[in-house]
Amino acid sequence: MSSAFLTSAYVEAVNPSVFEVVAQESLMNTLKPAFDKIMQVVANASPRYLSFLHTFRDEIYLLLNSSLQLHYLNLFSSSFSENFYGLERKPVSSDKLSLRASYLCLVLVPYMKRKLDRLFEKFREDTADGLLYENKYLNTVRSAFVSAYPF
């Protein structure tokens with residue numbers, strides 16, 4: 001049998017290829033924009049009753065993504081996108097600790113980053129427009145955040 005006809009069904013790879021890692025990252029990065037677009041379309045279908053879907057899209061996505069990722073982490077020891085491409089996480093320490101760390105990195109860190117990015121954009125626009133709070137302390141905190149955030 002020639003090696004040109006061997007597929008991943010016959011050969012069990014120890015390490016994932018770069019293409020598999022990039023593909024699973026790309027899938028992960030497209031889930032949120034696709035969800036946002038769906039929420040926008042649904043909210044625009046009946047703005048009077050469904051506008052809250054677009055308003056709270058980040059929190060709804062957090063709940064749905066949390067349940068999806070926890071399900072896949074518990075069942076397959078991998079995230080949704082990793083499992084889609086046949087990748088698996090190998091825990092270094094106890095299962096509970098690695099599950100919590102994986103959940104934190106998959107769900108909570110991206111959520112917090114999105115929130116901080118939006119806050120940064122709002123503060124930067126307010127600063128550029130010259131909008132000031134009545135409290136000087138809040139103005140100082142805002143300007144410090146705008147100058148320091150994008151690390």
Side-chain angles (χ1 to χ4, degrees), residues 7-9 11-129 131 133 135 137-151:
T7 64
S8 62
V11 178
E12 192 169 316
V14 176
N15 293 325
S17 71
V18 172
F19 300 111
E20 290 172 327
V21 174
V22 169
Q24 77 85 22
E25 276 296 318
S26 296
L27 176 60
M28 230 19 229
N29 291 336
T30 58
L31 290 178
K32 176 68 171 121
F35 179 81
D36 284 346
K37 190 64 175 177
I38 290 169
M39 288 294 106
Q40 181 183 12
V41 168
V42 169
N44 287 339
S46 180
R48 182 175 179 186
Y49 300 109
L50 300 175
S51 64
F52 73 93
L53 292 175
H54 187 66
T55 305
F56 297 108
R57 67 187 182 275
D58 285 338
E59 288 72 24
I60 295 169
Y61 182 76
L62 176 67
L63 291 172
L64 293 174
N65 191 29
S66 292
S67 59
L68 179 72
Q69 299 302 346
L70 279 174
H71 173 73
Y72 274 85
L73 283 170
N74 284 326
L75 246 53
F76 304 109
S77 296
S78 61
S79 71
F80 167 73
S81 61
E82 290 166 348
N83 185 42
F84 187 82
Y85 287 101
L87 305 176
E88 186 177 333
R89 292 174 182 239
K90 300 288 183 190
V92 177
S93 60
S94 70
D95 289 332
K96 289 285 185 191
L97 185 62
S98 66
L99 177 71
R100 288 181 184 150
S102 295
Y103 173 77
L104 187 74
C105 291
L106 286 169
V107 177
L108 295 179
V109 170
Y111 172 76
M112 293 304 295
K113 177 152 179 15
R114 276 192 304 276
K115 287 296 188 181
L116 286 172
D117 287 345
R118 286 210 183 114
L119 188 64
F120 171 74
E121 289 298 322
K122 180 186 180 311
F123 282 172
R124 188 173 66 175
E125 289 172 7
D126 289 349
T127 303
D129 291 342
L131 298 175
Y133 294 115
N135 187 341
Y137 176 72
L138 291 176
N139 290 325
T140 306
V141 169
R142 181 180 66 181
S143 63
F145 179 72
V146 168
S147 63
Y149 175 65
F151 309 120

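These figures come from a predicted structure and were not determined experimentally. We use all heavy atoms of the structure for the numbers below, so side chains are in, but hydrogens, waters and symmetry mates are not.
- Atom-to-atom distance recorded for Asn83:CG and His71:NE2 is 9.0 Å, nearest 0.5 angstrom.
- The distance from atom OH of Tyr61 to atom CZ of Phe35, rounded to the nearest 0.5 Å, is 8.5 Å.
- Checked by atom type and distance alone, the side chain of Asn74 pairs as donor or acceptor with a backbone atom of Leu70 at under 3.5 Å.
- Atom OG of Ser79 sits about 5.5 Å away from atom CD of Gln24, to the nearest 0.5 Å.
- Counting heavy atoms from C-beta outward, Lys32 and Arg114 have side chains that approach closer than 4.5 Å.
- Under the rule for a side chain to side chain contact (heavy atoms under 4.5 Å, CB included), the partners of Phe52 that lie at least two apart in sequence or sit in another chain are Leu50, Phe56.
- Contact detail for Ala43 and Ser51: the closest heavy-atom pair is CB-CA, 4.2 Å.
- Contact record, Tyr85 with Glu20: O-OE2, 4.2 Å, taken as the closest heavy-atom pair.
- Nearest heavy-atom pair, Phe120 versus Val146, reported as atom, atom and distance to 0.1 Å: CE1-O, 3.3 Å.
- Across every non-hydrogen atom of Glu82 and Arg89, the tightest pair is OE1-NE, 2.8 Å.
- The distance from atom CG of Asp126 to atom OH of Tyr133, rounded to the nearest 0.5 Å, is 6.0 Å.
- A side-chain contact (heavy atoms from CB on, under 4.5 Å) with Ser81 is found for exactly one of Leu106, Leu31, Leu27, Asn29, namely Leu27.
- Scanning both residues, Leu87 and Ser78, for their nearest heavy atoms gives O-CB, 3.4 Å.
- Around the OH atom of Tyr149, the shell of radius 6.0 Å holds more than 12 heavy atoms that belong to other residues, nucleotides or ligands.
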Requested in this report: Could you check Lys122 against Arg142 for side-chain contact (heavy atoms from CB on, under 4.5 Å), going step by step and ending with a plain yes or no?
Outcome: CA-CA 10 Å; Lys122 180 186 180 311; Arg142 181 180 66 181; over 6 Å; no
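- Minimum heavy-atom separation, Pro110 to Cys105: CD-O, 3.4 Å.
- Here CG of Asp36 is found 7.5 Å from NE2 of His54. Values are rounded to the nearest 0.5 Å.
- Judged by distance alone, the side chain of Ser46 and the main-chain N or O of Val42 form no donor-acceptor pair under 3.5 Å.
- A 6.0 Å sphere centred on NZ of Lys37 holds no more than 12 heavy atoms belonging to other residues, nucleotides or ligands.
- Note that the CE atom of Met112 and the CG atom of Leu104 stand 10.5 Å from one another [nearest 0.5 Å].
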Report task. List the steps and the verdict of side chain to side chain donor-acceptor pair (under 3.5 Å) for Tyr103 and Ser66. Result -> CA-CA 8 Å; Tyr103 173 77; Ser66 292; 3.0 Å; yes
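- Residues satisfying the ring-ring contact (aromatic ring centres under 6.0 Å, His included) test with Tyr111, not counting sequence neighbours, are none.
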**Report entry** side-chain contact (heavy atoms from CB on, under 4.5 Å) between Val22 and Ser26, worked out
**Finding:** CA-CA 6 Å; Val22 169; Ser26 296; 4.2 Å; yes
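- Asp129 places no side-chain N or O within donor-acceptor distance of the main-chain N or O of Leu131, the cut-off being under 3.5 Å.
- A salt bridge links Glu121 to Arg124: one of the charged nitrogens lies within less than 4.0 Å of a carboxylate oxygen.
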Query - Phe76 and Glu88: CA distance, side-chain angles, deciding distance, side-chain contact (heavy atoms from CB on, under 4.5 Å) verdict - result: CA-CA 7 Å; Phe76 304 109; Glu88 186 177 333; over 6 Å; no
